[in-house]
Structure formats: C-alpha cells, structure tokens
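Here's the structure, in structure tokens; my notes come after.
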Amino acid sequence: MSLKGKTAVITGSNSGIGLGVAHELARAGADVVINSFTDRDEDHALAASIGKEYGVTARYIQADMSKPDQCRALIEQAGACDILVNNAGIQHVAPIDEFPMEKWDAIIAINLSSAFHTTAVALPMMRKAGWGRVVNIASAHGLTASPFKSAYIAAKHGVVGLSKTTALETAREDITCNAICPGYVLTPLVEAQIPDTAKKYDMTEEEVTQKVILERQPSKEFATVEQIGGTAVFLCSDAAAQITGTTISVDGGWTAL
Ligand code: NAD
C-alpha cells in the first residue's frame, strides 16, 4: 500500500492518536501536515523528524481548531489535502447540571465543528484531484454513552452523523468518508483522567485503569495509536474504496456488549 504523492492533513497531531496516525500515514508514503494550536520549536522539530524517518515531506502548521477561520486556513495553507484526518479533541467530565458552559462550547467547537470546517475546504481540493479520503476520529462514545461526558458524547455522535452526510454527498466520486471509533487508547487525554479518578474512588492508578477505565473494554487492553493509524491507512487503501459512510470500531469489543 503506497500513499506516495498524497498529502494528509491530520488535525491535533502533535500528540496521542493524531501523532500515531501521522506516523502510519507517513510510513505508507504520504506527505503529512502536523497540526496543533501551539507554535513551539518542538512542534516543528517533530514534523521534521517524521519527514526524516519516512523520507516524506512533513510540515507543522499551527491552527486552533476551536476557531472556524483557523480550521479553514489550515487546509488552505496546506495547499493540498488528499487525506483529511479530523482528530483534534478534548474532554471534560462533569454532570450536566454542573457542566461549565465554556467547556461545552469548546468541546463542540474542537471535537465536532472543526471537522465541518476542514471538510468544507478539503472537499473541493479532493474533487479537483479526483480522489480523497476523509477519516474522522470519533469514539466508542460516538456510538454509546456514559454519564458525565455530555458534551463529548454529543460531539462524537455528531461526528458520526457528519461522516454519513459527507459520504452521501461524495458517493459518486472517488472520495470516501468514515469514522474510526476507538475504545480507550492510552494517550495524554486518558492518562490525565487517571490520578483524579484514583483520588475520587480511593484506588491505586492500576486499579483505576483495570476496574474503571477498561471496565467497558472486554479485551481489558488499551487499543494503541499504531492500531488506529493502521486502520486509517486501511481506509485510504484500494480495498476500502467502497467503504464509506460507516464506522469502524477499534475498541476491544466495547460496542459488542
Ligand atoms: P491527546 O490529548 O493526546 O491529543 C489531542 C490532540 O488534539 C493534541 O495533539 C492536541 O494538541 C490537539 N488539540 C487540542 N486542542 C486543540 C485545538 N484547539 N486546536 C488544535 N489542536 C488541538 O488525545 P488523544 O487521546 O490522542 O485524542 C485524539 C482524538 O481521539 C480525540 O478526538 C479523542 O476524542 C479521540 N479518542 C481518544 C480516545 C482515547 O482513549 N485516547 C478514545 C476515543 C477517541
């Protein structure tokens, strides 16, 4: 499988799943655009190291995915976007009646609306190129719910819906759109939840990992960023050309329960 000559833009990719997806797409030969809201030397160095490791062009473009104009500018600045991976995301956990309004707005903006804005600019580029793949990183929480994650779950269900509509609007073209629904993947987003949960339930961090976090994941193992990246590469392959408007779960059996 070679993605040589394709340009992939991965939002929120200086860490976690986005970075893992960037590695796997670059390994498959794609030129990659790494993104986050920061503009540090280490962000540019990270892109340079990926470029060197896989012999592809890798650039870092700063853009804040909570801002519609910056979402659109990211794709314009990339100049080409054959593969769009909408991955940027944040989390906040609180009951609905205590959920801070600004956290709701930020989660909807970053986890859902950003995918609408980037897709809107990328589709004309894909049509011009005659080929395109949109891969939205949703979640098992795009298909099921848990308490205290109202904004995240609303956003991820929204991403699944947006993926279906994008697929229908591009169904007659060589463009597909699908959502990957990971279960728990050990990234900074999940690691950050462990110490607070340990305190809350008076458990060790290992107990929290097994009894709270992986409780719903029948495999009792985290999915890895490489597995999510590999799934994204598969969705860009010829074998997946007729897979569109659907979800692929990488969740150790969570949604089979
Ligand atoms: P992470 O915190 O490691 O990565 C999030 C990325 O988004 C980072 O690169 C961060 O810089 C970026 N980001 C945050 N706010 C941004 C903004 N305003 N503008 C641009 N970039 C921004 O988390 P992760 O676990 O790798 O999550 C990546 C995606 O995968 C998210 O959409 C998340 O909801 C989804 N997901 C994660 C898991 C999991 O268990 N880790 C499970 C299912 C889905």
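We count ligands from 1, going down the list as the structure has it; atoms in each ligand are counted the same way. When a residue number appears, it is its place in the shown sequence, counting from 1. Just so it is clear, the structure is predicted and the values come from calculations on it, not from any experiment.
Applying the 4.0 Å criterion to heavy atoms of S13 picks out, from ligand 1, the atoms 9 (O). Listed by number with element, the atoms of ligand 1 under 4.0 Å from a non-hydrogen atom of Y184 are 40 (O). Taking a cut-off of under 4.0 Å to the non-hydrogen atoms of G16, the atoms of ligand 1 that pass are 3 (O), 26 (O). When each atom of ligand 1 is checked for a heavy atom of I110 under 4.0 Å away, the hits are 18 (N). Using a 4.0 Å cut-off to heavy atoms of P188, the atoms of ligand 1 that qualify are 3 (O). Which parts of ligand 1 touch I137 is read off a 4.0 Å heavy-atom cut-off, strictly below it: atoms 30 (O), 35 (C). Less than 4.0 angstrom separates some heavy atom of D64 from each of these atoms of ligand 1: 17 (C), 18 (N), 19 (N).
The pair R40-D43 meets the salt-bridge criterion, with a side-chain N (NZ, NE, NH1 or NH2) lying under 4.0 Å from an Asp/Glu carboxylate O. With respect to K128 and D82, no salt bridge is recorded, no charged nitrogen being found less than 4.0 Å from a carboxylate O.
Checking V190, I34, T187 against atom 25 (O) of ligand 1, the nearest heavy atom belongs to T187. With I17, N87, T11 as candidates, the residue nearest to atom 29 (C) of ligand 1 on a non-hydrogen basis is N87. When the heavy-atom distances from atom 40 (O) of ligand 1 to V185, V250, D251 are ranked, the shortest goes to V185. Relative to atom 10 (C) of ligand 1, the option among C181, A140, S36 with the closest non-hydrogen atom is S36.
The protein atom (non-hydrogen) at minimum distance from atom 44 (C) of ligand 1 is A138 O, 3.2 Å. In terms of protein heavy-atom proximity, atom 6 (C) of ligand 1 is nearest to G12 O, 3.3 Å. Residue, atom and distance of the protein heavy atom nearest to atom 22 (C) of ligand 1 are F37 CD2, 3.6 Å. With hydrogens left out, the protein atom closest to atom 3 (O) of ligand 1 is S15 OG, 2.7 Å, a heavy atom. Atom 5 (C) of ligand 1 has G89 O, 3.7 Å as its closest protein atom, hydrogens excluded (heavy atom only). Considering only non-hydrogen protein atoms, atom 27 (O) of ligand 1 sits nearest to L189 CD1, 4.0 Å. Scanning the protein heavy atoms around atom 9 (O) of ligand 1, the nearest turns out to be N14 OD1, 2.7 Å. Scanning all protein heavy atoms for the shortest distance to atom 43 (C) of ligand 1 gives P182 O, 3.4 Å.
Looking only at distances, no side-chain donor or acceptor of D196 sits under 3.5 Å from a matching main-chain atom of Q193. In this structure, Q217 contributes its side chain and E221 its backbone to a donor-acceptor pair below 3.5 Å. Of the possible donor and acceptor atoms, none in the side chain of T119 sits under 3.5 Å from a partner among the backbone N and O of F116. A side-chain donor-acceptor contact under 3.5 Å links Q62 to the backbone of F37. Proximity of a side-chain donor or acceptor of D251 to a complementary backbone N or O of T255 within less than 3.5 Å is detected.
Contacts classified as ring pair (Phe, Tyr, Trp, His ring centres under 6.0 Å) and involving residues 192-250 (residues at least two apart or in different chains) are not found.
Neither side chain, H117 nor D69, offers a donor N or O lying under 3.5 Å from an acceptor on the other. A side-chain donor from one of N86 and T118 sits under 3.5 Å from a side-chain acceptor of the other. S13 and N35 share no donor-acceptor pair across their side chains, judged by distance under 3.5 Å alone.
In this structure, H92 has its ring center at least 6.0 angstrom away from the ring center of Y152.
Within the structure, the closest approach of A63 to ligand 1 falls below 4.0 Å when heavy atoms are considered. Within the 4.0 Å heavy-atom shell around ligand 1 one finds G183. At least one heavy atom of K156 lies less than 4.0 angstrom from ligand 1. Residue-ligand proximity: Y152 is placed with a non-hydrogen atom under 4.0 Å from ligand 1. Look at A223 and you'll find every heavy atom at least 4.0 Å from all atoms of ligand 1.
Distances between N or O atoms of M65 and those of ligand 1 include at least one value under 3.5 Å.
H23 contributes atom NE2, which lies 10.5 Å from atom CD1 of I10 (distance to the nearest 0.5 angstrom).
Residues passing the salt bridge (Lys or Arg N to Asp or Glu O under 4.0 Å) test with R127, sequence neighbours excluded: E173.
Listed here is the closest heavy atom pair of D64 and Q70: N-OE1, 2.7 Å.
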